[in-house]
Amino acid sequence: MSGAESMSRRAFVAWLLAVAACALALRLAFPTADPPWRATVGVVWHDEGAWVHNARNRALFGAWVQDAWNPMYVAPVFTALEYASFAVFGVGVWQARLVSELMGLASVLLVAFGVARLAGRVAGVFAGALLATNYVYLMYNRAALMEATMVALMVASWYGYVRAQESARWGALAAACALLAYFSKAAAAFFVVALAVEALAALWLRDAGNERARTAARATLAGLAGCGLIALFVFVIPNWTEYRFYNWQMSVTRKPSYDLASLRDRITWFPIAHDIFTRMWFVVFVGGIGALGWLARFRRLTGPHRLLLLWIALGATELILHDVGNERRFIFFIPPLVAVSAVVLGRDRTLVGQEVGGLSRRQALLALPIVIFALYVLAGALVRLAFIYEIGPGVRWSAATALVCTVLLYATWPAAPKLLAERGWGVRDAALLCALVAAGQIAQFGQWAAGRTYKNYQASVALGKHLPTGTLVHGKLANGLSLENRIRPIFVGRGFGNYEDRKVRDDVRYILTYIYPRVGYEGPVIEDVLQAYPNRRIIVTFDVAETTTGNDRAALIDKFGGVAGPGGGIGRARD
């Protein structure tokens, strides 16, 4: 490898320090600003207070459980980290977001180090730079939501598995981090399965690996079994009723439909409903095509390469089976796509390997379902721009485009893959491409920063001036606006979280809800509470930012219309 294509240890450290500084600056800048609302990435700001509810309870009032909304049974790891931040720095918006910011930084460095071990230092720097600046990933790293912690622990697990190929004890760390990701958010269950499947594959594909790889696989499987038993007896069984309710009844059986029509919709909406693949199309293209190329030599891939493929494939399967309606569910695709892209750009420097061109058309047809879905995702991420947020036309035209591309690909086989297999760039060209992509992502951040607002933070501070410590306030929005004051929010979910007694809580004098863009905008359940108290009166309103207008209003409402009721006196009425 020439000097232009290699990188010294000193240069690698210097570049990684620069990447880390950039990543940290982007994540820590403007810590209390509102998440994007003009061009949203799916961050729902009032969910921040809801998901840190138990950690806030413990920090302010000395007990984890204060009411019937307890997400610590969904996300005990995330809850513990949030409590640690609150215990050290106090309760507040920036303190809640600090966990995601630091976990996001850790994931950037771990992806860079992992890719460097797989594909060289140049590829490692590419991976770190692409992940550090990815706009959607960055914005979720800036929000006090579970996704950043979950994904960072998945990255840590993958990195542990990379290291396990040389030293088996890292396999136990890979297993532990995978389970910690699951206990940060249950959506990571597919990754635990992916790690187990990969370890089993490493044992089965004996001709594809060496004894070290098999030893790493055995250590990983043992770690999954051991850590799983610890989690089972320490957390799951002692809290079985709550665990089962929050992780099965609330998260699985309550939400998705599993009929054929629903599955069809989730498949076809996959690249159409959200902006995420459009915003990072370069990485989706390079990583997606590169991953297809890896399939041709699946048996000869190393375990960490296979784990990246399983991460993407099983993650997509999980979403199709469960839910594609929320953009936050797609965040876990970003690190593996970045990792594959960095390997392709920094080491392979060709979109697909020579093995693909050597396949017969009949052999290639075995991958037809995967190929057509991958091309549908690539086409959909661009075609949808002509029908932005119109699902039907986006689906039809994207499907037609993918079908045409698929027919052309197989009709010209093997000419097309041979063309893609040609080395078309050097390391400087790849570095320039990465720099341009990173600059484009940073430009999106700059656009957000230039128009940033602080309405939600200011509303939370203002609410604390109207209500004294310990005041009970009904509604999901009460959780959202609870981080800069000491109220006691009473969350109300659809079928969970203080739902059963929502109409008879006379001890809770106040309701906090949207009045613009419409009353009860955060969800229909709050309307039940409002209707149960017809004499209610608005005490004060607050500017907040949620919809694309940014001109939304929340109202603090007295259920009893200002007349002294079971909840005692009212706060000062201001506007």
Side-chain angles (χ1 to χ4, degrees), residues 115 118-120 123 194 197-198 200-210 213 267 270-271 277 281-317 320 333 336-382 398-426 430:
V115 169
L118 283 187
V197 169
E198 156 48 33
L200 291 171
L203 295 176
W204 179 57
L205 299 172
R206 292 179 179 271
D207 59 338
N210 52 35
I267 291 171
F270 195 89
F277 294 136
W281 192 82
F282 176 81
V283 166
V284 175
F285 175 76
V286 175
I289 300 299
L292 286 176
W294 288 8
L295 286 177
R297 56 183 193 272
F298 187 82
R299 292 177 62 92
R300 294 186 295 279
L301 292 175
T302 66
H305 288 84
R306 288 195 300 265
L307 183 54
L308 289 173
L309 293 183
L310 289 167
W311 186 342
I312 296 169
L314 293 186
T317 302
I320 289 169
F333 285 119
L337 285 171
V338 162
V340 176
S341 297
V343 173
V344 169
L345 291 169
R347 185 193 66 184
D348 301 342
R349 293 190 295 283
T350 177
L351 281 175
V352 297
Q354 297 292 335
E355 296 89 347
V356 180
L359 296 176
S360 67
R361 184 180 288 111
R362 179 176 296 180
Q363 289 173 314
L365 282 171
L366 294 175
L368 178 60
I370 299 173
V371 170
I372 195 168
F373 183 71
L375 292 177
Y376 176 66
V377 171
L378 290 174
L382 293 183
S398 298
T401 303
L403 182 60
V404 169
C405 291
T406 302
V407 170
L408 289 174
L409 174 65
Y410 282 99
T412 60
W413 196 275
K418 286 183 177 179
L419 179 64
L420 292 176
E422 293 180 358
R423 288 180 176 266
W425 62 81

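No experiment lies behind these values; they were computed from the predicted model shown.
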[atom2] on [Y] to [atom1] on [X], rounded to 0.5 Å:
X    : Y    : atom1 : atom2 : result
L345 : L351 : CG    : CG    : 8.5 Å
T412 : L419 : OG1   : CG    : 9.5 Å
L378 : S398 : CG    : OG    : 11.0 Å
R306 : R297 : CZ    : CZ    : 12.5 Å

Which atom of [X] lies closest to which atom of [Y], heavy atoms considered:
X    : Y    : result
G290 : V344 : CA-CG2, 3.9 Å
Y410 : A364 : OH-O, 2.9 Å
I320 : F373 : CD1-CZ, 4.2 Å

Residues in side chain to side chain contact (heavy atoms under 4.5 Å, CB included) with [X], at least two apart?
X    : answer
T401 : A379, V383, C405
L309 : A291, W294, L295, F298, L301
A399 : Y376
V197 : V193, L310

Sequence neighbours left out, what pairs pass ring pair (Phe, Tyr, Trp, His ring centres under 6.0 Å) with at least one residue falling in residues 347-372?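 Of all non-adjacent pairs touching residues 347-372, none passes ring pair (Phe, Tyr, Trp, His ring centres under 6.0 Å).
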I want to check something: taking the side chain as every heavy atom from C-beta on, are V115 and V338 in contact at a cut-off of under 4.5 Å?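 No, too far: nothing below the 4.5 Å cut-off.
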Side chain to side chain, L337 and W311, heavy atoms closer than 4.5 Å: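 Heavy-atom side-chain distance check fails, nothing below 4.5 Å.
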Residues in side chain to side chain donor-acceptor pair (under 3.5 Å) contact with Q363, at least two apart in sequence or another chain: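 Per chain and number, Q363 pairs via side chain to side chain donor-acceptor pair (under 3.5 Å) with S360.
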Residues that F277 engages under ring-ring contact (aromatic ring centres under 6.0 Å, His included), provided they are two or more places apart: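 Partners of F277 under the ring-ring contact (aromatic ring centres under 6.0 Å, His included) test: F270, F330.
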Kindly write out the residues that satisfy ring-ring contact (aromatic ring centres under 6.0 Å, His included) with F285, not counting sequence neighbours, or none if the list is empty.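 Scan of F285 (ring-ring contact (aromatic ring centres under 6.0 Å, His included), adjacent residues dropped) gives W281.
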Show your working on side chain to side chain contact (heavy atoms under 4.5 Å, CB included) between V356 and L292 and close with a plain yes or no. CA-CA 9 Å; V356 180; L292 286 176; over 6 Å; no
Is there a donor-acceptor contact under 3.5 Å from the side chain of [X] to the main chain of [Y]?
X    : Y    : value
W413 : L359 : yes
R349 : G346 : yes
S341 : V283 : yes

